[in-house]
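Each chain gets a letter, A, B and so on, in the order the sequences are listed, and its residues count up from 1.
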There are 2 protein chains.
Amino acid sequence: MQTPQDGTGHPAPADATAALGTRDRILATTARLLQHQGYEGTGIKQIAREAKATLGSVYHFFPGGKQELAMEALQHGDREFAELLRTVLATVEDPADAVLAAVDAFADALRASGWTDGCPVTTTALETTGTSPEIQEVCAAAFRSWQDAVHDKLRTAGIPEPDARELAVTVINTLGGAEITAQVFRDDAPLRIAGRHLARLIRTYR
Amino acid sequence: MQTPQDGTGHPAPADATAALGTRDRILATTARLLQHQGYEGTGIKQIAREAKATLGSVYHFFPGGKQELAMEALQHGDREFAELLRTVLATVEDPADAVLAAVDAFADALRASGWTDGCPVTTTALETTGTSPEIQEVCAAAFRSWQDAVHDKLRTAGIPEPDARELAVTVINTLGGAEITAQVFRDDAPLRIAGRHLARLIRTYR
DNA sequence: AGCCGAGTAGAGCGTTCGTTCCAGAGCTGT
DNA sequence: ACAGCTCTGGAACGAACGCTCTACTCGGCT
């Protein structure tokens with residue numbers, strides 16, 4: 001069910017998602033499209049087309065329709081981002097330097113993507129506040145998991161409560177805000193500046 | 001043209017926009033809907049309905065269609081927000097305290113609106129990056145004008161370049177990010193924390 | 001061999017989308 | 001009185017929307 005065999009057996013050409021099972025291909029494509037175009041701007045038929053699946057398959061795997069599909073895709077993107085965040089934070093011992101490294105890494109990634117691969121959930125989160133509490137809750141959980149990643153790093157580095165918790169909140173907020181600004185300006189300077197300011201702020205807590 | 005007379009002459013009851021001319025009513029309604037539902041989630045017919053105008057009127061005043069309407073509405077929201085920001089910043093002399101006061105004011109407003117009145121352009125900006133460069137440019141100009149408001153305050157308070165410029169960028173980034181988080185969590189704590197952290201950061205520059 | 005469930009394929013439902021078009025209302029200038 | 005204008009009102013268009021439905025293929029089971 002989670003990794004069904006490929007019915008036709010054709011051996012996966014071209015892009016990164018092609019090697020996955022149909023369900024995972026739909027999920028990855030949905031996550032990407034939601035990130036770029038938001039919930040309302042992304043159609044089920046477009047998802048099916050780009051995932052090289054058919055409408056029947058989409059509704060077979062996600063009988064809850066667009067909303068269920070979006071929720072699972074957002075969780076998919078959440079987990080991927082959280083893992084990346086934890087990995088990068090672990091490469092540097094000092095917490096301020098680690099946050100700086102993480103922000104710089106995201107700046108690199110954003111630039112490399114042509115200023116399109118920002119936060120995987122913000123776009124959808126903003127569109128659906130007030131419209132769909134279920135989706136909003138998934139987005140809230142995503143933010144929480146990223147805050148937790150930063151929080152764990154700060155705690156391990158010896159920063160006490162409640163400073164560690166509050167700093168974690170601000171780090172994620174500022175990272176998110178800077179990523180939006182960087183996307184809109186097509187310039188990574190806002191992210192670089194944010195990294196330096198966050199490092200400076202963290203260093204005032206020891 | 002900017003304030004056309006009301007054809008029917010009926011004397012405008014009920015809500016805040018009703019006293020405006022048709023064009024301004026359409027603009028204000030569009031700005032509000034874009035803020036809450038984004039570009040793709042907002043329909044022209046919904047705008048006409050809620051602005052108590054007709055489709056004919058909408059296309060009469062905005063022959064460029066949805067895109068022109070959105071661009072002008074975003075500029076409308078931009079100017080309103082920039083003015084508010086400058087006003088609040090002017091009420092307190094110390095720049096750190098002024099930013100704290102501004103963030104708190106936005107936290108109050110967000111709470112009072114039932115967690116819906118966040119940043120007037122972010123939602124649309126994110127949806128349209130990569131889709132519509134024109135709209136993206138309007139959003140970039142909006143961010144720039146808010147940065148300028150903060151920048152002027154910091155400069156007046158004696159903070160030198162390039163610190164003032166960079167701080168202004170981070171203040172707007174963090175404010176935006178915190179507003180999103182606050183919306184998603186339906187809790188103003190992220191904003192309050194952001195205000196304190198920004199004030200603390202600014203105080204390290206003197 | 002016969003069957004069954006998983007997955008594929010896409011026509012078609014009702015609705016809404018952005019947009020176009022035109023007839024008419026109400027005002028102003030002559 | 002009458003033209004000329006701005007602005008209103010809404011029917012109608014083709015395309016796209018989310019979703020349902022049925023027919024089909026195919027591998028693994030007894």
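Put simply, the residue from A:Leu85, A:Asp78, A:Ile172 that forms a side-chain contact (heavy atoms from CB on, under 4.5 Å) with A:Ser145 is A:Asp78.
Distances shown here put every side-chain N or O of A:Ser57 at or beyond 4.0 Å from the OP1 or OP2 atom of C:dA9. Contact between the side-chain N/O atoms of A:Thr22 and the OP1/OP2 oxygens of C:dT8 is found at a separation under 4.0 Å.
Near DNA chain C, meaning a heavy atom under 4.0 Å away, there are no residues from residues 122-129 of chain B.
Panel note: side chain B:Lys153, backbone B:Val99; no donor-acceptor pair is recorded below 3.5 Å.
Heavy-atom distances to DNA chain D give each of B:Ala53 and A:Lys66 a nearest nucleotide, and the one nearer the 5′ end belongs to B:Ala53.
Counting to the nearest Å, the C1' atom of C:dT16 and the CD atom of B:Glu40 are 14 Å from each other. D:dT8 atom P lies 11 Å from atom CZ of B:Phe62, rounded to whole Å. Distance, A:His60 NE2 to D:dT22 P: 17 Å, rounded to whole Å. With rounding to whole Å, B:Gln37 atom CD is found 10 Å from C:dC17 atom P. In this entry the distance linking CZ of B:Arg23 with P of D:dT6 reads 15 Å, nearest Å. Protein atom OH of A:Tyr39 is 14 Å distant from nucleotide atom P of D:dC17, rounded to whole Å. Rounded to an integer number of Å, the gap from A:Glu68 CD to D:dG18 C1' is 14 Å. Rounded to whole Å, the distance from CD1 on A:Ile47 to C1' on D:dC17 is 12 Å.
Taking only side-chain atoms of A:Ile44, from C-beta outward, the nucleotide of D:dC19, D:dT8, C:dA9 with the closest atom is D:dC19. With D:dC19, C:dG18, C:dT8 as the choices, the nucleotide that has an atom nearest any side-chain atom of A:Tyr59 turns out to be D:dC19. Closest to the A:Lys45 side chain, of the nucleotides C:dT8, D:dT8, D:dC19, is D:dC19.
Judged by distance alone, the side chains of B:Ser57 and B:Thr54 do bring a donor and an acceptor atom under 3.5 Å apart.
A:Gly56 comes within 4.0 angstrom of a nucleotide base, judged by non-hydrogen atoms across all strands. Nucleic acid contact class of A:Leu55 (heavy atoms, under 4.0 Å, all strands): base.
A salt bridge links A:Arg165 with A:Asp148: the closest approach of a Lys/Arg side-chain nitrogen to an acidic carboxylate oxygen falls below 4.0 angstrom.
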| Worked verdict on B:Arg144 versus B:Glu137 for salt bridge (charged side-chain N to carboxylate O under 4.0 Å, His left out) | CA-CA 10 Å; B:Arg144 244 186 308 264; B:Glu137 182 44 48; 3.1 Å; yes
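In this view, B:Ala73 and B:Leu27, B:Thr30, B:Ala31, B:Leu34 satisfy the side chain to side chain contact (heavy atoms under 4.5 Å, CB included) rule, not counting sequence neighbours.
Listed by first and then second residue, the salt bridge (charged side-chain N to carboxylate O under 4.0 Å, His left out) pairs that reach into residues 187-199 of chain A are A:Asp104-A:Arg192, A:Asp108-A:Arg192, A:Arg111-A:Asp188, A:Asp188-A:Arg192, A:Arg196-B:Glu166, sequence neighbours excluded.
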